[in-house]
There are 2 protein chains.
Amino acid sequence: MEIRSFTIQTLERLPYYLHYMESRETEDVSSRDLANALGLNEVQVRKDLAAVSSKAGRPRRGFERKPLIRDIREALGFGRMDEAVIVGVGHLGTALINYKGFRELGLRIVAGFDLQVEDEIWVNETPVFSSDRLKNLIPRLNVKMAILTVNSENAQAVCDELVAAGIRAIWNFSQVMLNVPDNVIVRNENMAASLAVLSEYLSTGNNK
Amino acid sequence: MEIRSFTIQTLERLPYYLHYMESRETEDVSSRDLANALGLNEVQVRKDLAAVSSKAGRPRRGFERKPLIRDIREALGFGRMDEAVIVGVGHLGTALINYKGFRELGLRIVAGFDLQVEDEIWVNETPVFSSDRLKNLIPRLNVKMAILTVNSENAQAVCDELVAAGIRAIWNFSQVMLNVPDNVIVRNENMAASLAVLSEYLSTGNNK
DNA sequence: GAGATATCGATATCATAATATCGATTAAAA
DNA sequence: TTTTAATCGATATTATGATATCGATATCTC
Ligand SMILES: NC(=O)c1ccc[n+]([C@@H]2O[C@H](COP(=O)([O-])OP(=O)(O)OC[C@H]3O[C@@H](n4cnc5c(N)ncnc54)[C@H](O)[C@@H]3O)[C@@H](O)[C@H]2O)c1
Ligand SMILES: NC(=O)c1ccc[n+]([C@@H]2O[C@H](COP(=O)([O-])OP(=O)(O)OC[C@H]3O[C@@H](n4cnc5c(N)ncnc54)[C@H](O)[C@@H]3O)[C@@H](O)[C@H]2O)c1
């Protein structure tokens with residue numbers, strides 16, 4: 001198995017580099033341009049770029065923009081299309097199903113599951129099933145990724161079902177730190193923390 | 001101005017400690033309990049707790065659960081209620097307006113703005129105005145926080161309007177790294193990066 | 001009451017990420 | 001053609017965060 005050579009921090013900056021470079025029209029782009037535009041350190045930018053692209057930069061020019069865009073898209077996995085199911089089709093789940101941008105990011109949501117659905121319903125082009133059918137359908141669809149948007153009380157139980165059904169990657173929007181076996185990866189989308197940072201700043205003026 | 005004594009990493013773990021402790025009924029809870037339940041290192045847990053609470057733990061007992069819950073809620077700012085506006089009431093924006101849990105986290109969304117709204121409309125209890133009215137209404141409402149859920153192409157322009165209207169804290173869901181003056185804080189909710197991490201894991205098995 | 005031990009808090013170490021420095025190089029300017 | 005300066009890549013340094021170690025101590029057991 002191939003090993004990733006870049007860190008998660010680098011990965012988190014890549015979408016911003018990409019967006020900036022796609023909004024330009026020049027032949028080249030320098031690490032300084034990027035650093036200034038995005039408020040980052042220019043050494044950091046060069047290291048990030050070196051981590052995802054073998055293309056060298058040239059003195060007084062910078063990097064060729066187009067090949068770099070290709071390499072970043074490659075590193076971000078935009079080439080491959082992943083399929084995912086979503087469990088918990090409430091407010092947030094519905095929004096995510098409706099979000100067009102995921103296709104562009106290489107994600108297709110192929111099915112939803114919800115406790116409160118009796119028969120199959122449709123949210124735009126996506127079928128949503130009763131959660132009873134989860135354990136049967138997931139293996140049949142051969143999907144390995146799940147988006148978890150049930151209320152926090154049920155998150156661990158649903159997580160266990162997902163793992164049993166063969167899910168290997170979980171995007172967790174609930175407020176629970178999920179317990180999973182080693183071969184399953186969880187990524188938390190932690191909105192409470194984000195909010196706390198902003199709120200604290202407004203009340204104390206403290207940034208960090 | 002009071003200085004925060006804990007890091008953002010600590011802050012990000014606090015919601016999970018809180019959820020775990022609120023789900024217990026014992027008198028005390030030890031750092032080992034928390035560490036095991038959440039898959040963390042117990043020294044790290046103790047340091048986090050020490051950073052937000054002056055209550056000492058006791059040998060063979062751990063920490064008193066209830067006072068600790070109070071201190072964490074305090075650190076997370078659940079006591080104070082912040083008001084925010086939301087700009088871009090599309091799929092995601094509507095979901096966020098409808099999300100009940102924000103109240104519990106100390107956030108009230110008092111108004112929305114969208115380009116495509118002519119007159120005032122209502123999403124549940126929240127009025128949504130034409131974005132023309134943003135520059136007038138925000139100062140009148142005296143709101144300092146904004147949630148930014150417009151499409152990425154318009155994000156910087158809207159951001160500039162928000163700053164001009166007096167906004168000091170921006171929760172940014174777009175794919176753009178916003179350019180703001182020093183006295184404005186931005187928190188990015190970077191879904192593309194999350195997705196990239198999961199996708200990469202599935203295709204390479206690499207975790208880190 | 002006398003150990004035994006779980007747990008803490010303080011401190012030391014280790015790991016990782018960010019930033020600074022600097023010589024090499026290449027394009028542009030003189 | 002020579003000089004200048006922008007930019008890179010490599011390496012060194014610094015900063016930050018995570019983990020390991022260990023002595024102190026309060027509670028539990030006998
Ligand atoms: N909506 C947001 O903006 C937002 C923001 C931050 C966090 N969250 C988190 O996202 C999660 C969902 O939030 P929401 O606002 O969409 O809540 P919601 O109540 O609208 O939706 C939850 C859905 O999950 C379904 N569900 C519950 N148990 C289930 C099970 N066992 N199997 C299948 N489906 C099940 C429910 O029927 C419901 O439709 C929560 O954990 C919340 O904390 C949401
Ligand atoms: N929906 C998701 O699940 C999701 C996930 C990841 C990222 N995002 C990001 O969130 C943002 C919104 O996504 P969405 O799916 O809700 O898109 P959307 O198109 O449904 O909503 C965008 C809304 O912004 C409004 N708008 C545009 N320009 C405006 C302006 N100048 N002033 C006021 N309103 C304006 C539009 O009228 C529209 O209603 C995008 O930047 C997207 O990349 C969304």
- Query: Side chains of Glu153(B) and Asn151(B): donor-acceptor distance under 3.5 Å anywhere?
  - Reply: yes

- Query: For Ser174(A) and Asn172(A), does a side-chain donor sit closer than 3.5 Å to a side-chain acceptor?
  - Reply: yes

Rounded to whole angstroms, how far apart are [atom1] on [X] and [atom2] on [N]?
{"X": "Asp48(A)", "N": "dT19(C)", "atom1": "CG", "atom2": "P", "answer": "11 Å"}
{"X": "Glu42(A)", "N": "dC8(D)", "atom1": "CD", "atom2": "P", "answer": "7 Å"}
{"X": "Arg32(A)", "N": "dT19(C)", "atom1": "CZ", "atom2": "C1'", "answer": "14 Å"}
{"X": "Ile8(A)", "N": "dA18(C)", "atom1": "CD1", "atom2": "P", "answer": "12 Å"}
{"X": "Phe6(A)", "N": "dT16(C)", "atom1": "CZ", "atom2": "C1'", "answer": "17 Å"}
{"X": "Gln9(A)", "N": "dT19(C)", "atom1": "CD", "atom2": "P", "answer": "12 Å"}
{"X": "Gln44(A)", "N": "dA15(D)", "atom1": "CD", "atom2": "C1'", "answer": "13 Å"}

Verify the contact: side-chain N or O of Ser31(A) to OP1 or OP2 of dC8(D), cut-off strictly under 4.0 Å; return yes or no.
yes

Going 5' to 3' through nucleotides 20-30 of chain D and flagging B where a protein heavy-atom sits under 4.0 Å of the base, S where only the sugar-phosphate is that close, and - otherwise, we get BB---BBBS--

For residues 84-114 of chain A, the ring-ring contact (aromatic ring centres under 6.0 Å, His included) pairs (sequence neighbours left out) are Tyr99(A)-Phe102(A), Phe102(A)-Trp171(A), Phe113(A)-Phe129(A)

Taken to the nearest 0.5 Å, the spacing of Lys55(A) NZ from Leu68(A) CG works out to 9.0 Å

Return yes when atom CZ of Arg32(B) has more than 12 non-hydrogen atoms of other residues, nucleotides or ligands closer than 6.0 Å, and no otherwise. no

Q. Contact class for Ala50(B) (heavy atom, under 4.0 Å): base, sugar-phosphate, or nothing?
A. nothing

| Where do Arg73(A) and Glu22(A) land on the salt bridge (charged side-chain N to carboxylate O under 4.0 Å, His left out) test, with the steps shown first? | CA-CA 11 Å; Arg73(A) 294 180 70 89; Glu22(A) 288 182 333; 3.0 Å; yes

